[in-house]
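Down below is the structure, laid out as structure tokens.
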Amino acid sequence: MKKLSLLLLTMMLFLSACGTNNEDKKNSKSNKDEVFTIGVIPAQTEGEMKGALDKLQKVLSEKMDREVKITSYPDYNGVVEAMNYDKIDMAYFGPLTYVVAHEESGAKAIVTQLIKGEPFYYSYLITHKDSKYESFEDMASDVKNVKFAFGDPSSTSGSLIPSIKLKDEGIYRSESDSDFNNVRFTGSHDATALAVQNKQVDVGAIDSAIYDKLIEEGAIDGDQFKVIWKSEKLFQYPWAVSERTDEKTMKKLQQIFLDIKDKEILDAFGATGFTKADNKDYESIRKAAIKEGTIQE
């Protein structure tokens, strides 16, 4: 009887172990077969990014040995909401949208781009070369005649940082309450640059790296602009994964990005390469967002 009981116990343990192994294999297989989804903010118009994003999608699919799908979203908040509701596994955020996503859903920054070897950029205020404004002070002294353009309301360099500067100077409180002749949000950095070049607005806020890239590509004529204000250094746009991402996948993604040398992919982001990033790199942006009331402390 004891031998029979021992035999039954041994068989149960064996079957249990087999079941566990089969379940692990099933989970591993389902994870590999699952599409890894990435959302991208509209830093530039979708058409200009498409070729590079298609190529990046192919590189990631091959290196991760699973299907990867990259989607460009029409606005910044759409990417945050997609991360919040588990619609995507990874996102290319602006610094402001990243700190919001981190606060709301635990998104984790893992990679950012290098611009001329450094992971920094600036917020610029630009004006047309024919403008009489040579400095921020010139613009501020004539503010009642200035038509001003921000980019997307959720953009760090196109909205958050310049709006703090303008509020500190006491000339801007909100889109509907300011000393400007007119305030508009263009929705993107390239749209802001074109609005200034075409003299539809007098001054616009823009990402310095994107501004340089637009000039380099000939999308705008660099000779038609003046930079009249430059912010402090801002840490570059992060690629962030969802809170549920395991450590092994994060490290693999980091290495794939660090190994990217393809010029078309790098050029799409105005980058010379990629480097690791961490949540603490965006602490200054988090403080700015708290100051603006975008997130609560």
Side-chain angles (χ1 to χ4, degrees), residues 27-113 151-156 158 187-189 207 235-258 260 265 268-269 271 274-279 281-282 285-286 289 294-295:
N27 289 338
S28 174
K29 183 176 184 300
S30 63
N31 182 59
K32 185 177 176 180
D33 291 347
E34 217 173 87
V35 177
F36 188 84
T37 54
I38 302 175
V40 175
I41 60 166
Q44 294 187 72
T45 55
E46 186 176 350
E48 293 173 349
M49 298 285 286
K50 190 178 186 312
L53 291 180
D54 286 347
K55 189 173 279 191
L56 177 60
Q57 180 174 279
K58 184 178 179 182
V59 169
L60 288 168
S61 294
E62 289 175 353
K63 300 289 186 181
M64 293 182 73
D65 194 25
R66 63 189 289 194
E67 184 181 353
V68 174
K69 183 178 181 182
I70 301 179
T71 302
S72 294
Y73 281 70
D75 60 74
Y76 285 58
N77 283 333
V79 185
V80 175
E81 290 302 301
M83 181 67 80
N84 289 349
Y85 289 98
D86 293 332
K87 301 294 185 185
I88 54 176
D89 302 296
M90 186 178 190
Y92 176 59
F93 287 119
L96 174 57
T97 40
Y98 166 68
V99 297
V100 171
H102 176 76
E103 189 75 15
E104 295 180 353
S105 62
K108 301 175 186 175
I110 60 169
V111 170
T112 191
Q113 60 258 36
D152 187 286
S154 296
S155 169
T156 308
S188 68
H189 296 288
D207 173 316
F235 209 79
Q236 268 291 348
Y237 293 36
W239 293 81
V241 293
S242 71
E243 187 177 32
R244 66 183 183 277
T245 309
D246 62 88
E247 192 70 24
K248 183 179 178 182
T249 301
M250 283 194 282
K251 287 183 177 178
K252 191 168 189 177
L253 283 164
Q254 282 181 323
Q255 195 56 56
I256 292 170
F257 273 89
L258 265 56
I260 289 175
I265 295 174
F269 302 98
F274 290 98
T275 189
K276 291 181 181 180
D278 188 82
N279 185 57
D281 295 322
Y282 300 92
I285 303 300
R286 180 177 178 275
T294 307
I295 59 175

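No experiment lies behind these values; they were computed from the predicted model shown.
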(request) Check the pair Leu258 / Lys276 against side chain to side chain contact (heavy atoms under 4.5 Å, CB included), numbers first and verdict last. (result) CA-CA 8 Å; Leu258 265 56; Lys276 291 181 181 180; 4.2 Å; yes
(message) Does atom NZ (Lys108) have a neighbourhood of more than 12 heavy atoms from anything else shown, all under 6.0 Å?
(response) yes
(request) Please report the C-alpha distance between Met64 and Leu253 in whole Å, then the side-chain angles of each, then the deciding distance to 0.1 Å, and finally whether the side chain to side chain contact (heavy atoms under 4.5 Å, CB included) criterion is met. (result) CA-CA 8 Å; Met64 293 182 73; Leu253 283 164; 3.5 Å; yes
(request) Mark yes or no for whether Ser72, through its side chain, and Val40, through its backbone, hold a donor-acceptor pair below 3.5 Å. (result) no
(message) Would you call the rings of His189 and Tyr237 parallel, tilted or perpendicular, taking 30° and 60° as the class edges?
(response) tilted
(request) Find the distance between NZ (Lys251) and OG1 (Thr245) and round it off to the nearest 0.5 Å. (result) 14.0 Å
(message) Out of the candidates Ile265, Thr112, Leu60, Ile110, only one should pair with Phe257 under the side-chain contact (heavy atoms from CB on, under 4.5 Å) rule; please name it.
(response) Leu60
(message) I need the minimum non-hydrogen distance between Gln113 and Ala271, along with the two atoms involved.
(response) CB-CB, 3.6 Å
(message) I need the minimum non-hydrogen distance between Ala268 and Ala52, along with the two atoms involved.
(response) CB-CB, 3.3 Å
(message) Can you tell me how far apart CD (Glu81) and CD (Glu104) are? Round to the nearest 0.5 Å.
(response) 6.5 Å
(message) Taking ring-ring contact (aromatic ring centres under 6.0 Å, His included) as the definition, give me every residue that meets it alongside Phe235, ordered by chain and number, with sequence neighbours left out.
(response) Phe120, Tyr282
(request) List the atom of Val241, the atom of Met83, and the distance in Å for their closest heavy-atom pair. (result) C-CE, 4.0 Å
(request) Apply side chain to side chain contact (heavy atoms under 4.5 Å, CB included) to Val80 and Phe93, showing your working. (result) CA-CA 8 Å; Val80 175; Phe93 287 119; 4.0 Å; yes
(request) Identify the two heavy atoms, one from Thr156 and one from Gly94, that lie closest to each other, and give their separation to 0.1 Å. (result) OG1-C, 4.1 Å
(message) Does this structure show an ion pair linking Lys58 with Asp54, if we count only N-O contacts that are shorter than 4.0 Å?
(response) no
(message) If you compare all heavy atoms of Ala107 against all heavy atoms of Tyr98, which two are closest, and at what distance to 0.1 Å?
(response) O-OH, 3.4 Å
(request) Would you confirm whether the ring centroid of Phe269 sits within less than 6.0 angstrom of the ring centroid of Tyr92? (result) yes
(request) State, yes or no, whether a side-chain contact exists between Val79 and Thr97 at a heavy-atom distance under 4.5 Å. (result) no
(request) Taking the side chain as every heavy atom from C-beta outward, state whether Ile256 and Val111 have any pair of such atoms under 4.5 Å apart. (result) no
(message) Taking the side chain as everything from C-beta on, heavy atoms only, tell me whether Tyr73 gets closer than 4.5 Å to Ile41.
(response) no
(request) Give, for atom CD1 of Ile38 and atom CG of Leu53, the distance between the pair rounded to the nearest 0.5 Å. (result) 9.5 Å
(request) From the options Ile88, Val68, Ile70, select the one residue that forms a side-chain contact (heavy atoms from CB on, under 4.5 Å) with Phe36. (result) Val68
(message) What's the separation between atom NZ in Lys69 and atom CD in Gln57, rounded to the nearest 0.5 Å?
(response) 8.5 Å
(request) Evaluate the criterion side chain to side chain contact (heavy atoms under 4.5 Å, CB included) for residue pair Asp89 and Arg244; output intermediate values, then yes/no. (result) CA-CA 8 Å; Asp89 302 296; Arg244 66 183 183 277; 2.7 Å; yes
(message) Using 0.5 Å steps for rounding, measure from the OG atom of Ser242 to the OH atom of Tyr85.
(response) 16.0 Å
(request) Determine the minimum heavy-atom distance between Gly187 and Asp152, stating which atoms define it. (result) O-CB, 3.7 Å
(request) Rounded to the nearest 0.5 Å, what's the gap from OG1 on Thr249 to CE on Met90? Could you check? (result) 11.0 Å
